[in-house]
Amino acid sequence: MTSTQLVPSHYKKFSCIGSDCENHCCQGWVVSIDKKTYKKYQNSNDPALAKNLKRYKGNDKGMPYATIKMKECGTCPFLTENGLCYIHAKYGEEMLSSVCSVFPRVKNIYNDVLEQSLYLSCPEAARIALLDPNPMEFDIETSDRVILNSISKKTNDISHLSNLSPHFFQLRSFAIELMQERTWDLKTRLLLLGFWIQRLEKLENITLSDSDLKEEWASFITTYSAHIKSGTIDTLLDGTKGNESRFVGFIQAYFSTRNDIENIYKEYKLLVSNLLNNFEWLNGQISDWTSSYTTIKHKSDKLINSKEYILENFLVNEIFKDWFPFGKNTMWDHYLSLIFHYTIIKVHFMSIISETSSLEDEDIINAVYLYVRSSLHRKSYVNSILEYAKDNQMNDLASVVILLNC
């Protein structure tokens with residue numbers, strides 16, 4: 001079948017590097033097996049295929065049909081000593097489950113347009129998507145060879161969420177345009193995105209055309225460009241000074257909780273443990289934690305600013321892949337989740353700088369893919385962090401300003 005596709009320009013550059021990968025995708029999480037593959041393995045003459053599967057028999061439709069029984073160390077039983085897949089090597093790609101044949105690729109379909117992107121939980125995908133200093137670009141293509149398996153999202157998944165859902169494509173384009181407006185620093189762009197989401201929430205019960213929204217967007221950009229030029233936005237961001245202790249208390253408790261989780265991806269747990277040590281957050285009082293954090297922040301700001309394009313690329317990738325602003329329960333929740341991801345990754349970068357006095361690409365990719373792999377693939381994670389923010393009164397725009405400026 002012929003299909004129109006929308007993909008980031010870097011998408012075609014991705015190719016699995018197999019045994020050369022520093023941390024293969026065959027460990028550390030639940031590997032889903034679809035019904036068709038499960039039956040295929042059960043009927044195979046190879047006993048290794050059937051015995052390493054676990055059938056899910058509950059009523060929860062959100063659970064996979066079956067999963068692979070991982071080893072105690074968390075590694076897939078089909079991973080060979082040379083770092084390759086036993087099933088792929090012996091039987092070919094057609095014997096792989098949908099998940100294994102597609103990862104780290106993501107496929108969504110909106111109004112008959114196939115959108116493809118990459119999960120950043122794969123180190124090679126993260127390198128390709130994040131390290132280009134130029135703004136991420138997107139290509140529209142037509143292809144006669146399209147395999148429509150493992151579709152993550154479809155039009156109907158968001159059509160009921162809001163009166164603005166029919167304008168999803170336009171609204172996402174506005175968000176990407178704003179994230180790539182390098183006239184302003186990234187925290188200013190993120191703050192403006194929050195103001196824009198608040199404006200959209202007020203428009204949810206009004207019937208609007210695409211041209212109406214375009215006029216709203218143009219008016220919004222004109223208004224806030226003037227606010228930036230007048231210094232109003234800088235004044236707002238500077239007004240968070242004195243809130244460092246509130247931020248540190250919030251983020252230290254977050255990382256401490258992550259460090260205490262037993263089933264968290266072990267490489268990420270080590271990264272978190274190092275972070276808590278680097279910031280001296282394992283013992284002492286909040287005044288001590290804040291002092292240590294402030295010292296590291298001053299040391300880190302210049303280096304992190306020089307790598308701001310990496311954080312921008314991360315945000316654009318998530319906005320495109322997750323259908324912003326309709327990928328969570330509410331538009332505000334989706335916006336908040338972006339803010340938390342940005343903040344957490346930035347704190348990881350600060351930790352790296354405090355330890356190495358540098359911010360090398362290798363360390364950046366390590367931090368990002370481990371965070372994504374241990375967190376963003378778990379649907380419960382985003383819900384839990386949003387709930388954590390709510391419980392700690394860190395889920396309004398004033399709190400966003402604190403998170404962006406600390």
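Rounding to the nearest 0.5 angstrom, the gap separating the CD atom in E94 from the OG1 atom in T37 is 11.5 Å. Between the CD atom in E267 and the CG atom in L270 there is a gap of 8.0 Å [rounded to 0.5 Å]. The structure places CH2 of W289 at 9.0 Å from CG of N283, a figure rounded to the nearest 0.5 Å. If you take CG on L120 and CG on L376, they are separated by 9.0 Å, rounding to the nearest 0.5 Å. A distance of 11.0 Å separates CD of Q180 from CG of L186, quoted to the nearest 0.5 Å. From T330, atom OG1 reaches atom OH of Y335 across 12.5 Å, with rounding to the nearest 0.5 Å.
Identified under the ring-ring contact (aromatic ring centres under 6.0 Å, His included) test for residues 203-223, with sequence neighbours left out: F174-W217, W196-W217, W196-F220, W217-F220, F220-Y224.
The number of heavy atoms from other shown groups lying within 6.0 Å of NZ (K390) does not exceed 12. For CG of D112, the number of neighbouring non-hydrogen atoms (other residues, nucleotides, ligands) closer than 6.0 Å is 12 at most. A 6.0 Å sphere centred on CD of E137 holds no more than 12 heavy atoms belonging to other residues, nucleotides or ligands. In the displayed structure, N205 atom CG is contacted under 6.0 Å by at most 12 heavy atoms of other residues, nucleotides or ligands.
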* E244/T290 under side-chain hydrogen bond (donor to acceptor under 3.5 Å, both in side chains): CA gap, chis, key distance, verdict -> CA-CA 7 Å; E244 291 86 356; T290 304; over 6 Å; no
* To do: In sequence, state the C-alpha distance, the side-chain angles, and the governing distance for S97 and D34, and then conclude on side-chain hydrogen bond (donor to acceptor under 3.5 Å, both in side chains).
  => CA-CA 6 Å; S97 68; D34 54 277; 4.7 Å; no
* Report the C-alpha separation of Y110 and I158 in whole Å, then their side-chain angles, then the decisive distance to 0.1 Å, and conclude whether the side chain to side chain contact (heavy atoms under 4.5 Å, CB included) test is met. => CA-CA 10 Å; Y110 184 76; I158 63 169; 4.1 Å; yes
* Determine, stepwise, if the pair S399 / D396 fulfils side-chain hydrogen bond (donor to acceptor under 3.5 Å, both in side chains). => CA-CA 5 Å; S399 301; D396 58 2; 2.6 Å; yes
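Taking the six-membered ring for Trp and the full ring otherwise, the centers of Y388 and F250 sit less than 6.0 Å from each other. Ring centers of H167 and F326: at least 6.0 Å apart, outside the cut-off. Here F247 and Y293 bring their ring centres to under 6.0 angstrom of each other.
With salt bridges taken as basic N to acidic carboxylate O contacts below 4.0 Å, one links R189 and E312. Between K214 and D210 there is no salt bridge, since none of the side-chain N atoms of the basic residue sits less than 4.0 Å from a carboxylate O of the acidic one. A salt bridge links D361 with K307; the closest basic N to acidic carboxylate O contact falls under 4.0 Å.
Checking each of E318, E115, E177 against R172 for a salt bridge (Lys or Arg N to Asp or Glu O under 4.0 Å) leaves exactly one that passes, namely E115.
The closest side-chain donor-acceptor pair between S256 and N259, if any, does not fall under 3.5 angstrom.
Every ring pair (Phe, Tyr, Trp, His ring centres under 6.0 Å) that H341 has, sequence neighbours left out, goes to Y371.
Taking the centre and axis of the six-membered ring of Y65, the NZ or CZ atom of R55 falls inside the cone set by 45° and 6.0 Å.
Relative ring orientation between Y41 and F78 is described as perpendicular, the plane-to-plane angle rising above 60° on a 0-90° scale split at 30° and 60°.
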